[in-house]
Structure formats: C-alpha cells, structure tokens
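Ligands are counted one by one from 1 in listed order, and the atoms in each one are counted from 1 as well. Values below: all heavy atoms of this structure, side chains included; hydrogens, waters and symmetry mates excluded.
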Amino acid sequence: VINLLDLSLDKIFQSLWLFNQPQARLYYLNLLGAFCFIAFIYFFKKSERESIKSFFSISYWLHASSRTDLFLFIFNGFFKLILIAPFLIGSYQVATFVMKSLYVIFGFSEPILLSEGLLLTIFTIMAFVINDFFRFFLHFLMHKISFLWRFHEIHHSAVVLTPLSLHRAHPVEVALASVRNVLSAGLSAGLFMFLFQKQVGGLDILGVNLIGFLFNFLGSNLRHSPIWIGYGPLEYLFISPAQHQIHHAKDKKYYDTNLGVALSIWDQLFGTFMTSKGERVKEFGVGSYQKQNLLFQLTNPFRR
Ligand SMILES: [Zn+2]
Ligand SMILES: [Zn+2]
C-alpha cells in the first residue's frame with residue numbers, strides 16, 4: 001500500500017517531467033521521431049512547407065492558446081500526482097475481480113501453456129487493443145453526453161495545436177482518464193491471468209508497451225500540430241495526424257468525427273469515421289468557447 005503522505009519532491013518532479021518517461025508521448029525519443037518525420041515531410045511534400053514553417057515560429061508557440069496548453073500541462077501534472085497512488089492499487093483490485101468473476105462464470109480449466117515471449121506478445125497486444133478501445137469509448141461519451149462535453153470542450157478550445165495540446169484538458173477529464181486507465185489495465189491483466197494463469201505484476205501493467213511506444217514514435221506528437229499528414233488507405237486501420245486535426249476543426253461539418261486514438265476501427269464501428277482524403281483543415285477550435293478566459297473555461301462546467 002502506498003502511503004499518500006510519502007509523495008516526495010522526486011515524485012512531483014517525475015510526474016511533471018515526461019521527457020524521460022518512455023511511455024509518455026513527450027518522451028525525448030518520440031519528439032526526435034516527430035522531428036525526423038517533419039524533416040521527411042518538408043522535403044517530400046512541398047505543400048506542407050508553409051505549415052511546417054509556422055509550426056516552428058516563435059509566435060506560434062507564444063500564442064495565447066499555446067500558453068493555456070502549457071499552463072494546463074503543469075496544472076494537471078500536479079493534479080495527476082494525487083491520482084497516481086489510487087491507480088496502482090485500483091488496477092490490481094480490478095484485475096483480481098475480473099479474474100475471479102471469469103472463474104465463477106467459466107470455471108477452472110487448465111492454463112494455456114505458451115512460451116514466455118509469446119505470452120508477453122499476447123499481453124502487449126491485448127492490453128493495447130483494450131486500452132485503445134477504452135480511450136475511444138470515453139472520448140465518444142465526452143462528445144455525445146452534453147454534461148461531459150462541458151469538460152471536454154476545453155480540449156477543443158485550442159486554436160493552435162502543439163504537442164502540448166494533448167495535455168490541454170479539464171482536471172475532471174484527467175480524473176476520468178485515470179479511472180479509465182485503472183479499468184482497462186485491470187481488465188487486460190485479469191483476462192490474461194484467467195487465460196494463462198500467470199501473474200501480471202504492476203510493473204508489467206505500467207511498463208513500456210511496445211506498440212504504444214511505436215505509435216508514439218511514429219508521429220503521435222504531430223496529431224496536435226498544423227502539419228497535415230494523412231495515412232492513405234492505412235487510415236482504415238490507424239488514425240493519422242490529419243484525421244485528428246479533422247477532429248479539432250472549427251468547421252461544424254467535422255464535429256464529432258475521428259474519436260479514436262491509435263486504431264480507427266472503433267470509429268468505423270460507431271459511425272464517427274472520416275478519412276483525410278481530399279480534406280485540408282486550417283482552422284481549429286470550437287466556436288465561442290475559445291474566446292473565454294481559462295478560469296471561465298475551468299469553472300463553467302459546474303455553473304451551467
Ligand atoms: Zn474530442
Ligand atoms: Zn486532440
């Protein structure tokens with residue numbers, strides 16, 4: 001059991017400093033990956049040169065919208081810290097609950113025996129798919145339920161997109177995301193333990209997910225950027241940066257589309273899918289909300 005009072009300065013610093021945490025999108029290698037990707041685009045896609053230049057301009061990063069991103073990134077960093085401890089305890093309990101429930105429903109059977117490497121591969125894929133679905137589904141609910149939209153609106157009030165915009169979220173959404181992580185990690189671990197009768201330690205749950213890392217390395221940071229990168233036919237499997245930019249578009253015709261994170265299959269199943277083919281979004285942010293100050297945006301969901 002983690003002592004809540006034992007939150008040292010070290011941990012506070014860790015929760016803010018994501019640049020050396022391999023599972024974070026802002027991990028320095030992922031930023032390096034994004035940089036290489038941009039260089040590649042710059043040379044091979046002349047039509048994107050203008051957006052790349054604007055992305056690297058000082059005024060872009062000093063824009064009021066980017067400053068709000070930075071503020072919320074720091075603010076939520078502190079906020080998340082209080083939620084890390086329950087996460088570690090919670091996912092273990094969910095895993096045990098899932099495993100026991102499955103035993104009650106399906107009874108005890110001989111475990112499926114596989115090599116360690118194969119088991120790790122299966123767990124990684126399973127955890128990735130389940131987590132990706134949970135992320136899609138919470139996002140879907142945040143768009144479709146008006147009470148939840150009030151909180152999510154803050155993410156959509158960004159008029160300028162930078163990798164930090166990922167952290168532009170209302171603390172209530174951050175809290176919901178933590179609960180979501182507990183549930184998805186617990187479900188994957190519980191299911192895995194039931195099928196293979198192998199323990200999954202807390203470190204495996206929290207550890208580097210190779211698929212997640214590859215996804216982050218291959219341009220997830222460019223989803224929140226003005227650089228238009230489509231994946232062509234691959235968009236039927238993976239969400240491209242351009243598809244997430246469609247999600248952020250100011251134009252109403254794009255609202256509530258592409259709610260997924262890595263896989264686009266959920267959007268296709270739920271009817272919210274849109275490819276980037278033939279589209280080009282240049283203006284971001286929802287209508288009136290972006291004009292309000294941050295304090296208003298943070299408190300407004302509770303006032304209505
Ligand atoms: Zn959204
Ligand atoms: Zn976004």
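- Remark: R168 is not positioned above the aromatic ring of F73, lacking an NZ or CZ atom under 6.0 angstrom from the ring centre and at most 45 degrees off the axis.
- Taking the six-membered ring where the residue is Trp, the centroids of H143 and H155 are separated by 6.0 Å or more.
- Within H224, the N, O or S atom lying nearest to the Zn ion (ligand 2) carries the name NE2.
- Counting all heavy atoms, side chain and backbone alike, F238 lies closest to Q243 at O-OE1, 3.4 Å.
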Applying ring pair (Phe, Tyr, Trp, His ring centres under 6.0 Å), run through F56 and Y60 and close with a yes or a no.
CA-CA 7 Å; F56 284 103; Y60 193 86; 9.4 Å; no
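- Scanning both residues, E235 and S240, for their nearest heavy atoms gives OE2-OG, 2.7 Å.
- In the hydrophobic clustering of this structure, I246 groups with F55; members are Ile, Leu, Val, Met, Phe, Trp, Tyr whose side-chain heavy atoms approach within less than 4.5 Å, directly or through other members.
- Here the Zn ion (ligand 1) has protein N, O or S atoms under 2.8 Å from it, and they come to 5.
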